Structure formats: C-alpha cells, structure tokens
Number of protein chains: 2
Amino acid sequence: MGNRFPTETKRVTIADVAALAGVSKGTVSKFLGDGDYYIAEATRGRIAAAIAELDFQPNALARGLVRRRSQTVGVVVASVLNPLYPEMITGIDEVLGERGYTLIFGSTEGSSVKEADVIRSMQQRQVDGIVMASVTLQDAEVSQLVDAGLDVVLASRHMRRSDLVDAVIVDNEDGARQAVEHLIAHGHKRIGHLAGPQNVYPFEIRREVFERVMRQAGLPVNGLISVAESTRQESGAPAMAELLGADEPPTAVFVANDSLAIGAIEACAARGVRIPDDVAIVGFDNIWVAHLHGVQLTTVDSRAREIGRNAAHRLLDRIEARWNDGGHPHPVELRMLPTRLVRRGTCGCTPEPPDPLTGSSN
Amino acid sequence: MGNRFPTETKRVTIADVAALAGVSKGTVSKFLGDGDYYIAEATRGRIAAAIAELDFQPNALARGLVRRRSQTVGVVVASVLNPLYPEMITGIDEVLGERGYTLIFGSTEGSSVKEADVIRSMQQRQVDGIVMASVTLQDAEVSQLVDAGLDVVLASRHMRRSDLVDAVIVDNEDGARQAVEHLIAHGHKRIGHLAGPQNVYPFEIRREVFERVMRQAGLPVNGLISVAESTRQESGAPAMAELLGADEPPTAVFVANDSLAIGAIEACAARGVRIPDDVAIVGFDNIWVAHLHGVQLTTVDSRAREIGRNAAHRLLDRIEARWNDGGHPHPVELRMLPTRLVRRGTCGCTPEPPDPLTGSSN
DNA sequence: CCGGTATGGGAAACCGTTTTCCTACCGAGA
DNA sequence: TCTCGGTAGGAAAACGGTTTCCCATACCGG
C-alpha cells in the first residue's frame, strides 16, 4: 500500500504559526476568521508576521469539516461544448469569485446516471449548494435533493411547479412568442418547429408556445414539428432534414435552441437549401456564434451570463441566510429575465447594426 | 453571528452506521475503503445494510483531511469562452470522472492576479494537483509551485525549459510550419502573421516558425506581423485591421489561433475584404466553429480534447505514483501530439470532404 | 476597597474520517 | 499442551482547523 506520507513536504499548520508567534492555536484562528474577537495590536502583528514568514495557507478541508460548510458550490451542466454553458459558467464564476466561493464542476453529457453520480460526488464533497443547469433529472428527483437539505438553484430551466426550488430563467414564453410572431410577420404560412428533447421543461414550453401562437394565427401545425434527440448540434441536422423532406416543407423554422439551429443550418447547406430564401430560421439562446458574419442567426437572447450571475447570487444568498438569519430560509422564487429577439439574417431581415464582436450582446 | 447549526438536517456519520450495524467506526471505515482488510461476510452484510438504510454518504472533507489528499484536481483556464477550453475541459473531465476525481474549476480571464488567487484557493482546498491551461503565469512562478510540492501539468502550453514541469502540447513547430508552407504553396508572397500575446510560449513559437519558414522561402517578414493583446476574439479584429491597412497589405495571413482568426474574419467582413480572394487565412486550433459552413476556416488541429485527456492522465499518474511508488515521482516529460493542417475554404482550397458536424475532427 | 465591565488569550472539545496497534479466537502443527 | 499464523474487529490517536468556555488582567465608578 505504499508509504503513508511520501515525498510530501511537511505542511505548515496553524500550530506552527502559533508557536512562532508565541500564542495559542485558538488565537491564530481568531485572527484568521473575521469574527470580532479581541486581539491586541501587538499580537496581531506577530501573528501576521509569522504567517508571512511561514507562508501559511489554512487548510480548507479542516476548516470546512468543523464549520460544516465548504465555501464551495457545485455547478452541473449538460455539456460544456454548447457555448451557452460557458457563458453561463462565466457568469457564475464571476459571482462565486467575488463572494469567496470555489466552483466545483460537473458535466453530465446528457446521461442521468452520470448526473446522479456527479451530484452525489458533490454532496460528499460537502458543497454548500448546487447550480443546476443540467436537464436530465426529473422534477421529483430534484425536489428530493432539496428536501434532503441541499440548496439548489436551477439555471435556465425550471420545474412545472415553480414553488419547490429556486430557478432563474429567461422568459421562454415571451421569447418563443416573439420568435414565432416574427416569422409570421415575415409572411410565412408554413412554419415548422425543431423542438428540443421533450423531457426538458424549457423546450416543452417553447414548443407549446409555438403551437399556441400558430393556432391563434390560424396556421397549421400538423406535421411541422420535429423533435431532436438531444441538444447537441449533430442532432439538429437529421431533425431539420426530416422537416425539409416533408411533402410540403415549411418555409420557416423556429428552432428550440441555437446549438440545434447551427446543426440545422449545416443540414441546409449540405442539401443546397438557401437561408433565408428557401427557408428562414430563428433560433433561441443567442450564443456568440450566432452573430458571426457567416452565420447571422436570428435568435432570442437567453442572457446566459446574467442567468449565471443571478443564479449564483440567489444560491449564495440562500446559503448565507441559512447561517445568518437564524435558520429561516428565503422563500422559493422563480426569477424570470425578460428577453428580446435579436434580428439578424436568417429570418430574412437585414441585420441589426453590426453588433461587433462583443462576445455576448446583453 | 447566528446559530451554529441551523436548519441543517442532522448528517449521517460513520458512527451512526457503526451503531446500527453493531460494529465500531473503524470497521465501517475499513469496509468503505478498498484496502484488503479482513471483514466477515456477515459483518459486511450488516454494514452494507446499515449504509443503505441510512443513505450514508461519507464526508469527503474528513476523509481528505486524514488521508491528506482530496481526490480533487484543479483546472485553470484563461477563459472558458474560447471554445478551445471547453473541448479541453471535456477531455479532462472525462478522465477525472473515470478515475474518481473531482474537478475544481478556475478561470483567470487573463489576469495574473486572478490566476494567482485561483491557484492559492486551490491549494488551500488541498487539490491533489493542477492542470494549467492558462497562460499568464511566468515560467519561474510555475516552477516555484512545482518546487513547493504541487503537482502540475501544463496543457497546451509549456515552458522554455521543458524539464521542469510536465506538459502536454500539440506540435506547434510542425503545425505552424504546415500552415505557413501551405500558404506559400498557394503562391502567396506577402504573407502576414497575426501573432498572439508574446509572453505566451506557444504563440512565441508559432511566430518564430512563421519567421523562419518565411525566411527560408526567401520571403519578406518585415512589417507583416501584428500582435494581438489577448487571445480574445475581439482583439483579432484591430490586429487584422492593422495588417490590412498597411501600404502593401498581405495577401494571406497566418493567425495565431482560431479565436483571433474569427475576429480577423469579422474584420474582413466589416471592410468588405473577401476571403480567400483578397486575403487568405489560416488559423490554429481547429475549434468546432471553424468547420461551420459559414466559416470554413483552414486551420491546424490543436487536438484539445486529447490534450485534455493526456494531461489529466499524466497528472493522475504522477499523483498516484507519489503515493504508491514509495515516493519516487515520475520523471518530467514533455508530450507532444502530432498535428495536421485541416484544409477548408479560407486558404483558397476547396474544402476537404464535408467533415459533417462531428464537433471535433480527430 | 470592591464589584463590574471591557480586553486579551489559553485549554480543550469537536468536526468525521482513516489507520495503527492490539487483543482474541480458532485450527493446525510440533 | 503450546505456539503460531490467519481472521476479525475494537480503541484511540491522528488530521488541522474553530469555537466555547474560562481565566486573567486593567480600569472604572462608587
């Protein structure tokens, strides 16, 4: 089984600092924390000097063990290859950094088994809470976690019952409505919908809205919906092909998210279908790729970065309330960010003012 | 300061399991670990039942504290908004997951202050090692960390002296050479280079190779190099503008990475410069965006995902060697992955076989 | 001179594991 | 009968911090 303590250069502990400063461990600890303890200026100086001298780094594991919180937050996403998530993670990371937390990352690759693993591992690591941007877990399972005492905030997704767990989302209803109405305003009659996986609530909503708006406009829906397996780009292509291959193919398609829309666009390119002339496309998310000159995807802004920031703040507020407000947790809240349609080329509009390279256009 | 133990539903500890199973904590612990201890089958059964009954989750903080390793690895990247990093992270995450480690994420946003913070925070969290894909730290600082006993593997970058710290990189020399020679083969005489930040070693190399190959071909180099501030897309545009605005602008440009190349392409689009007719472009990295129909960027494959996988394996091997092989660490190694030029549209070639939507083309 | 209050700091229990010893039993070989 | 080796499991000391008590002063007013 090898040596117990190999090469490992001896670590500096609080006891070493205490010894050097000529005080007790307890006093050093008081100095470290920000609690308002009485410590003489002279003592403070000696401790600070000792810490500097030894280059002492407190062991967060030990601290977490006794404090029963780790100053650590889990973030679980489906895949970091969809640019939506990097944007969200950037927002989350910013806030976590500002507020002194560390980010533990987990990716599920769309597998609910992996998702469960990741979450369990995070729990064992004593994360103070989790931001879930992943999507495979059932509502019941999520609220089970919450019931078990884990702080969770859903980002960019929410549950049917919105009073069980915090969520920060974009206004899917309104966004989808804008998208579909815009296509209608362009004069399209046969509008298709390339839907996302239907066990994912936001995609369900986008689909429902699509159907509703179409009906209200007196337009047909039958045979115009194609459901993608996953949200991965690749699955956009076959789904789009299905739509395009119909007897009476749509002249416009509202795609459930940009990642799929990219796939759809590629599928069009592959078959020589011109956009927007032969078919107009509107996506959802406004990932940065959408604004590229060679893409020009009209899409609904998902405000991923802000969702991330909001979700992180929300989670940390909840976590900290648990410790400060005598254990009275915040009420559950569903925060919905307004959104808008960003008109670019694929819907047939002439693009908005260039919107140059800002990475995200918020 | 609030209550010490608020809402917090009482956690199940190993002691509870022990009590329920009618054994001592030590025995439960032995059952949990995979060490080869003698435990009677009957006892095993009772312990397993107790664990299931109580839904016991071992506290990784406590475990890490005594074991002096956290089964945790830090990953620090410059920015997760450059698609290169998500690809790399995916590779790292795969391996970490397979081998039972958890990923702690840190992003530096190009600030060396933030980078230092992130690393310090990871050290306090007792990460077992760090994969560094970030680039702002000086060589000396990195090797200082290593000297201090931290296991580090550099991913997609390395140091001037390659014998100080492990690194996994792509063959920058060869890749850059292929890129420049390809442009030369297309008949270009005035070839420019849009270089990355010159404090980052891979970018230095790419630039050196550019100059060398040009000289060897008897072509001019003077005034044909523009250096981008950072690797962010946005900084590609002004740098490209500089090149384009010269008295005798280049007819082809080798761009230090795809992210900058995207920015460069946008800059061209904005000024009505046609690609590849007015100016040919070759990038470096082969991020997935490069293969989009509307982009078709010819580029050198950086094999990000494999770099990630390799780096992770390398790090874990080193970590585990430290504990198993009597403390004799592996020798430092620089692993270099071969690479190739992926010919698409921006160099003037007719694209290779469609390479449809595989995310990465390895 | 005495009690009370603001300061300053030490002792020790505790967080939840792992691991090292130690003991104890059992069957076998001498 | 006496060891000895293989099994089985308990006791207790870590790991490196935090926090609760508790004890000393010093200084104040009365």
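Treat the numbers as computed from the prediction; the structure is a model and nothing was measured. Every chain is numbered from 1, with letters handed out A, B, ... down the list of sequences.
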In short, salt bridge (Lys or Arg N to Asp or Glu O under 4.0 Å) pairs touching residues 119-133 of chain B with sequence neighbours left out are B:Asp117-B:Arg120
From CD of B:Gln57 across to C1' of C:dT17 the rounded distance in Å is 15 Å
Applying salt bridge (charged side-chain N to carboxylate O under 4.0 Å, His left out) to A:Glu94 and not counting sequence neighbours gives A:Arg305, A:Arg309
Applying salt bridge (charged side-chain N to carboxylate O under 4.0 Å, His left out) to B:Asp163 and not counting sequence neighbours gives B:Arg161
In whole angstroms, the gap separating P of C:dT18 from CG of B:Leu61 amounts to 13 Å
Pair A:Lys114 + B:Asp93, salt bridge at N-O below 4.0 Å: yes
Quick note, A:Arg63 side chain, CB onward, closest among D:dG16, D:dT18, C:dT17 is D:dT18
Check your understanding: Distance-only, no hydrogens or angles: does the B:Asp16 side chain make a donor-acceptor pair with backbone N or O of B:Leu54 under 3.5 Å?
Key -> no
With respect to the phosphate group of D:dG16, does any side-chain polar atom (N or O) of A:Thr13 fall under 4.0 Å of OP1 or OP2?
no
Within the sub-3.5 Å range, which N or O atoms of nucleotides 7-9 of chain C have a protein N or O partner, and how far apart are they?
unit_1	atom_1	unit_2	atom_2	d
C:dT7	OP2	A:Tyr38	OH	3.3
C:dG9	OP1	A:Thr43	OG1	2.5
C:dG9	OP2	A:Ala40	N	3.0
C:dG9	OP2	A:Thr43	OG1	3.1

To the nearest angstrom, the CG-P distance between A:Asn59 and D:dA14 comes to 18 Å
**Report entry** OP1 or OP2 of D:dG16 under 4.0 Å from side-chain N/O of B:Arg68
**Finding:** yes
Residues passing the salt bridge (charged side-chain N to carboxylate O under 4.0 Å, His left out) test with A:Arg314, sequence neighbours excluded, are A:Asp166, A:Glu333
Atom CZ of B:Arg69 and atom P of C:dT17 are separated, to the nearest Å, by 18 Å
In short, B:Trp323 meets B:Arg67 closest at the heavy-atom pair CH2-O, 3.7 Å
Rounded to whole Å, the CG-P distance (B:Asp16 to C:dC15) equals 11 Å
Closest non-hydrogen contact found for B:Thr27 with B:Ile39 is O-CD1, 4.0 Å
By the 4.0 Å heavy-atom rule, please label B:Phe31 as base, sugar-phosphate, or nothing. nothing
Terminal axes of the helix from C:dC1-D:dG30 to C:dA30-D:dT1 (5 end pairs apiece), angle rounded to 10 degrees, sit apart by 60°
Rounded to whole Å, the CG-C1' distance (A:Leu54 to D:dG16) equals 15 Å
Taken to the nearest whole Å, OH/A:Tyr37 to P/D:dC22 is 16 Å
When rounded to whole Å, the CG to C1' distance for the pair A:Leu65 and C:dA13 reads 13 Å
Closest non-hydrogen atoms of A:Ala167 and A:His158, given as atom of the first, atom of the second and distance, are CB-CB, 3.5 Å
Which of D:dC15, D:dT18, C:dT18 is nearest the side chain of A:Arg67? It is D:dT18
